[in-house]
Engineer: 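Input: one structure, supplied below.
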Amino acid sequence: MFGSSLVRAYSATGTKRFPRSFEELPCVPGGLPYLGSFMKLGANPHGWKQPMENLKILQEKYDPQGNGLLRMSSRLMNPKGDGRILAFFDPKDIEIAYKHEGKHPSRGGALAPLVKWRLSRPDIFGETKGVLMEEGEKWHQLRGLVQQDLMRPKSAMQHLDQIQGICQDFLEMLEREMSSSKDGKTVRGLLPHLFNFGFEGSAAIALDKRMGVFRENPHPEVMKQLREIEIVTEMSIDLMMGIPWYQISPFISPKYRKFVRHFDSFAYFAHIDEVKAQIKEKIDKDQLKKSDGISMLEKLILKNGLNSNVPFVMALDMILAGIDTTGASCAFILYHLATNPEKQDILRKELLQHDPHITESSLTKMRYLKACIKESARLTPIVAFHLRLIQEEFTVKGFHVPVDTLALWSSMLSGRNPKYVENPTAFKPERWLRGNETKVDPFVSLPFGHGPRMCVGKRFADIEMQLLTAKFFRSYGWEWIGQRPISTIWQFVNIPDQSLDFRLHQL
Ligand code: HEM
């Protein structure tokens, strides 16, 4: 009965030490019952558009000594741990927290509306909620089934030519946009096109199918589906952060019913039965063999069998998870390079040392390109918060953190904090190059998360961002003509708060 407190009170050498209790941590007080003080992240002045900025204000107010730890509460966000939430600000403490994420890391119940929808659609999801939403041993098994095919560096490299083809189509679309502008050089409102790039790239990798979004006349059905996803994404923060009436009954939550309608439309559009029939035919004719040339879906079917839902749900998740994430990341890269012409020149010099057709070997040598992408993710990470439901108690800065505490941190805050990054507001890709003496702690900026539950699409997202950036800056000089500085809006991921407008100079 006294086991865990005794372990805490005595160190391994038997000398007495007293971690202070969780309740003694600096804390954001108040809040409504059930919703708790966590909801102050969505209050004025920044609202849910910039909850990270609100968190910074709350830390300055309630942790004036700058301990780097701030306790909050919300039973909505963490029903399992009595509403305990702890925000971390110091990269050293973030590293410690990851060490206690357990064998089956969990991001808690933040995606509850999506889980509810999946459970109500057994015809699509069957025995699995997908790697994004499964928990515990089921997540572990599922991740094991897809890990190798998705995370091996070679897997992504097999798609180099396919993605370069998509980049080429994007460039042709840009030419059309420019030639219809007054000065023949301007493109405005590029963000939706970048989302389309994420969609086209993910669909090509997952299904080996080109959707043709950059054609002069894209298929209206495909564009309708992209709109469905846009609606779902726009609604998701409202649903995730509001009182979950839909858990009592979907009938009392018109918002949830709308969310489901649009999600259904997208999921059924994937035409799973049709794709299944085509692949079955290939298998029957003995035409489907494990090789580099087959789609990710086909690889997963060969491993899991045609009757398993796992390959189809993974393909659906790849498409869903690759739209806004890759699109918004590319948007910020373009912005930072367009507003830093001297960095743009250094990048171009590197790109021009290689053949325009990028190969695995030339990509490996493009170190400045990768540093630009890392630096953009440090300044404007698209994921607002990283979450872990702590599975092993630990002590940090002398305070006890119990099991089932929901730990959260924001790369936006650590990445811009002068305590951890020298001259943090400057776009300085050089800081990520080997040999640079001003080292940045790796836990300062974690665009893809960390550990066994980190982003499973990282390899694909990396090559998509690298190829698009390389093609764009080799072909044009990019000049930003929007307002400065750009800021972010949290819309499931952080996206730019204004239209992406550029003037392009042909090289
Ligand atoms: C630049 C683009 C992307 C960024 C910045 C990004 C970032 C992230 C982050 C931060 C996580 C949470 C990791 C954690 O909890 O430690 C995540 C999870 C995930 N991402 Fe990505 N992502 C991107 C693109 C993609 C793409 C293209 C796919 C398609 C395969 C994808 C699929 C997933 C999946 C399935 C998970 C859940 C993994 C799990 O729970 O085991 N992501 N992503």
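Counting begins at 1 with the first residue of the sequence. For ligands, and for the atoms within them, numbers begin at 1 and follow the listed sequence.
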Engineer: Nearest protein heavy atom to atom 10 (C) of ligand 1, by residue and atom, and its distance?
Structural biologist: P447 O, 3.4 Å

Engineer: Do any N/O atoms on H386 end up under 3.5 angstrom from N/O atoms on ligand 1?
Structural biologist: no

Engineer: Is any side-chain N of the basic residue among K343 and E375 closer than 4.0 Å to the acidic one's carboxylate O?
Structural biologist: no

Engineer: Run the salt bridge (Lys or Arg N to Asp or Glu O under 4.0 Å) test against K365 and tell me which residues pass, sequence neighbours left out.
Structural biologist: none

Engineer: When you measure from the side chain of S155 to the backbone of D149, do you find a donor-acceptor pair of N or O atoms at a distance under 3.5 Å?
Structural biologist: yes

Engineer: Under 4.0 Å, heavy atoms only, figure out whether ligand 1 is touched by the backbone of D317, its side chain, both or neither.
Structural biologist: neither

Engineer: Excluding sequence neighbours, so at least two apart, what forms side-chain contact (heavy atoms from CB on, under 4.5 Å) with I489?
Structural biologist: K49, I495, D497

Engineer: What atoms of ligand 1 come closer than 4.0 angstrom to any heavy atom of I382?
Structural biologist: 5 (C)

Engineer: May I ask you to list the atoms of ligand 1 that are less than 4.0 angstrom from any heavy atom of V131?
Structural biologist: 35 (C), 39 (C), 40 (O), 41 (O)

Engineer: Please check if the number of heavy atoms outside K116 that lie under 6.0 Å from its NZ is greater than 12.
Structural biologist: yes

Engineer: Tell me, which protein residue and heavy-atom name are nearest atom 30 (C) of ligand 1, and how many Å apart are they?
Structural biologist: M318 CG, 3.3 Å

Engineer: Apply the side chain to side chain contact (heavy atoms under 4.5 Å, CB included) test between I205 and each candidate in I319, L297, I463, I163; give the one that qualifies.
Structural biologist: I163

Engineer: Given a threshold of 2.8 Å, state how many protein N/O/S atoms are nearer than that to atom 21 (Fe) of ligand 1.
Structural biologist: 1

Engineer: Counting from 1, what ligand 1 atoms have a heavy atom of H450 closer than 4.0 Å?
Structural biologist: 16 (O)

Engineer: Could you tell me whether D317 and R118 make a salt bridge, using a distance below 4.0 angstrom between a side-chain N and a carboxylate O?
Structural biologist: yes

Engineer: Please list, in number order, the atoms of ligand 1 under 4.0 Å from a heavy atom of L132.
Structural biologist: 34 (C), 36 (C), 37 (C)

Engineer: Is any side-chain N of the basic residue among D462 and K370 closer than 4.0 Å to the acidic one's carboxylate O?
Structural biologist: no

Engineer: For ligand 1, which atoms, with element, lie under 4.0 Å from some heavy atom of R143?
Structural biologist: 38 (C), 39 (C), 41 (O)

Engineer: Check K303 with E298, please: is the shortest side-chain N to carboxylate O separation under 4.0 Å?
Structural biologist: no

Engineer: May I ask you to identify, for L446, whether its side chain, its backbone, both or neither come under 4.0 Å of ligand 1 on a heavy-atom basis?
Structural biologist: neither

Engineer: What residue and heavy atom of the protein are closest to atom 1 (C) of ligand 1, and at what distance?
Structural biologist: S329 OG, 3.3 Å

Engineer: Only counting residues at least two apart or in another chain, list the ones meeting side-chain contact (heavy atoms from CB on, under 4.5 Å) with S499.
Structural biologist: D501

Engineer: Out of M454, R459, Q147, R107, who is nearest to atom 12 (C) of ligand 1 when you count heavy atoms only?
Structural biologist: R107

Engineer: Set out, in order, the CA-CA distance, both residues' side-chain angles and the distance that settles salt bridge (Lys or Arg N to Asp or Glu O under 4.0 Å) for D90 and K397, then state yes or no.
Structural biologist: CA-CA 10 Å; D90 182 336; K397 292 212 165 98; 3.0 Å; yes

Engineer: Going by side chain to side chain contact (heavy atoms under 4.5 Å, CB included), S411 matches just one of H386, R378, M52. Which one?
Structural biologist: H386

Engineer: Any salt bridge linking E200 with R210? Criterion: basic side-chain nitrogen under 4.0 Å from a carboxylate oxygen.
Structural biologist: yes

Engineer: How far is atom 13 (C) of ligand 1 from its nearest protein heavy atom, and which residue and atom is that?
Structural biologist: R453 O, 3.5 Å

Engineer: So which protein heavy atom does atom 16 (O) of ligand 1 come closest to, and at what separation?
Structural biologist: R388 NH2, 2.7 Å

